[in-house]
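Report on the following structure.
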Amino acid sequence: METLTILGGQPLRGTLAVQGSKNAVLPILAAAAAIPGRFALTNFPPIRDGIVTRELLEGLGVRTFLRGDCLRLDSTGPVGSAPDPKLAGRLRSSVLFLGALLARNGKAAIPLPGGCVLGARPLDLHLTALEALGVCVRCEPGRLVCAGRPRGGTVLLRYPSVGATENLMLAALGAAGPVCILGAAREPEIRDLADFLTACGARIRGAGTACLRIEPAPLHGAAHRVLPDRMEAATWLCAAAATGGSLTLTGLRPDHLRPVLKTLSRAGCRITEQSGRLTLCAGPLRAAGPVVTGPYPAFPTDAQAPVMAALLRAAGSTVFEETVFEARFRHVPALRALGADIETAGQLARVRGVKSLHGARIAATDLRGAAAMVIAALAAEGETTLSQAWHLDRGYGDFVERLQSLGAEVHSA
Ligand code: EPZ
């Protein structure tokens with residue numbers, strides 16, 4: 001999808017089933033390369049990052065077969081140690097193949113990962129921790145080469161990095177002894193990876209806490225249903241809030257989204273939950289800040305841009321503080337082009353509600369920034385053209401069709 005045209009002004013109304021989580025399925029796919037076995041992943045999301053990772057696995061020798069939302073994988077044959085640089089260079093999550101292939105083969109070579117540009121996105125936490133487990137890490141021009149089966153031990157993360165925690169969990173699968181990760185990330189996606197690995201025979205304690213321990217164990221294939229995508233859910237809820245609509249989501253885990261639900265309720269939305277279904281009815285919106293992002297269970301950084309877009313016409317001012325990434329306000333210029341009143345200073349942004357927004361020609365910058373631009377355009381009067389819309393394909397499956405099912409006038413060119 002290159003360009004989207006959006007005619008704003010329609011309140012979104014309807015029901016959507018939340019898809020499988022991008023940020024849960026990507027480490028699980030890497031884990032399938034680490035463990036010789038046959039796997040069945042249901043609730044597999046139809047997103048570009050998943051498709052690219054599937055191609056990357058095929059290139060390593062893992063056979064895959066997709067039917068509906070079930071992806072079957074067979075990694076019982078030999079698996080390579082160097083993913084295709086053209087594919088791996090497009091994803092941030094390709095860095096997880098370091099841990100996975102170290103566990104499988106005792107060596108790995110990956111290109112420096114791609115993904116959304118949200119700042120420097122260094123890898124020091126991953127590499128320092130792997131070295132602490134005795135892995136030899138060599139940085140070559142444009143790629144990382146690791147060798148040596150990790151030994152057991154305790155590693156301390158100075159920041160609860162999601163990717164570094166996942167990488168260490170995967171490397172620990174092939175370690176010579178128990179690995180303890182202190183300062184581990186606590187996101188629901190970490191727990192989903194731990195649930196998958198446990199189904200494969202791994203002995204894991206403390207998933208979802210800051211102290212995660214993995215003991216060596218014989219590993220095998222497994223079946224797993226991928227966690228629902230809390231960020232996709234947040235995106236749809238923000239779109240309904242921004243357009244004064246009402247939306248029911250099924251198949252989500254509201255407990256994984258509390259800070260976002262609290263902010264939208266404070267802003268004037270009526271949110272009800274009933275046995276796995278959540279309904280939001282938008283009211284006249286009011287300021288709901290301050291919104292401060294942070295590692296789970298704090299307000300998730302991936303929801304910062306969509307919630308900002310939802311509050312562009314809310315009465316009053318809302319302050320956002322982005323503490324996770326140093327450059328995660330890249331969507332602000334496009335929101336201003338749509339008529340938003342946003343002031344930024346370093347990691348702070350202040351949104352003053354305006355009476356109305358208007359269509360404009362804008363360009364997407366990253367996955368969640370692009371979602372924010374669509375949300376604002378849906379609330380604007382007139383037509384918006386969004387170029388570089390391919391960012392959305394990375395993390396949202398059937399994006400246009402799902403919006404159209406809610407009554408949005410959105411078309412991809
Ligand atoms: C994961 O990225 C997610 N991506 C991101 O979602 C999410 O925003 C992020 O976690 C935070 O929740 C996937 O799961 C594929 P981090 P990751 O390592 O693992 C710094 C989306 O929109 N850091 O927790 O890359 C880093 O620069 C994407 O779905 C180091 O300094 O995030 C950042 O400031 C965007 N050194 C902070 O830690 C390192 O070695 C958090 O990064 C690693 C990270």
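Ligands are counted one by one from 1 in listed order, and the atoms in each one are counted from 1 as well.
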Does the plane of the ring in F329 sit parallel, tilted or perpendicular to the ring in H331? Use 30° and 60° as the thresholds.
perpendicular
Would you call the rings of F196 and F39 parallel, tilted or perpendicular, where under 30° means parallel and over 60° means perpendicular?
tilted
May I ask you to identify, for K22, whether its side chain, its backbone, both or neither come under 4.0 Å of ligand 1 on a heavy-atom basis?
side chain
Side-chain contact, heavy-atom cut-off 4.5 Å: [X] with [Y]?
X: L4; Y: M1; result: yes
X: R54; Y: L29; result: no
X: D341; Y: V351; result: no

Using a 3.5 Å cut-off on N or O atoms only, is [X] in polar contact with ligand 1?
X: L367; result: no
X: E326; result: no
X: R92; result: yes
X: S161; result: yes

Ion pair check, [X] and [Y], cut-off under 4.0 Å:
X: E343; Y: R350; value: yes
X: R138; Y: E140; value: yes
X: K22; Y: E232; value: no

Would you mind checking which non-hydrogen protein atom is closest to [atom], with the distance to 0.1 Å?
atom: atom 40 (O) of ligand 1; value: L125 N, 2.7 Å
atom: atom 19 (O) of ligand 1; value: G163 N, 2.8 Å
atom: atom 26 (C) of ligand 1; value: F325 CE2, 4.1 Å
atom: atom 2 (O) of ligand 1; value: R121 NH2, 3.4 Å
atom: atom 36 (N) of ligand 1; value: D124 OD1, 2.7 Å
atom: atom 5 (C) of ligand 1; value: D302 OD2, 3.8 Å

Which of the atoms in ligand 1, numbered in the order shown and given with their element, are less than 4.0 Å from a heavy-atom of [X]?
X: T301; answer: 8 (O), 11 (C)
X: V324; answer: 33 (C), 34 (O), 37 (C), 41 (C)
X: R158; answer: 31 (O)
X: R328; answer: 8 (O), 22 (O), 35 (C)
X: Y159; answer: 37 (C), 38 (O), 41 (C)
X: R368; answer: 21 (C), 22 (O), 29 (O)

Closest to atom 10 (O) of ligand 1 (heavy atoms only, candidates T323, V162, N23) is V162
Which residue from G395, P122, P27 reaches closest to atom 43 (C) of ligand 1 through any of its heavy atoms?
P122
Exercise: identify the closest heavy-atom pair between R230 and L257:
O-CD1, 3.3 Å
Closest non-hydrogen atoms of A239 and L12, given as atom of the first, atom of the second and distance, are CB-CD1, 3.6 Å
Quick one: does H126 get within less than 4.0 Å of ligand 1, heavy atoms only?
yes
Applying side-chain hydrogen bond (donor to acceptor under 3.5 Å, both in side chains) between T293 and each of E322, E321, R328, report the one that passes.
E322
Take atom CZ of R72 as the centre, draw a 6.0 Å sphere, and report whether it contains more than 12 heavy atoms from other residues, nucleotides or ligands.
no
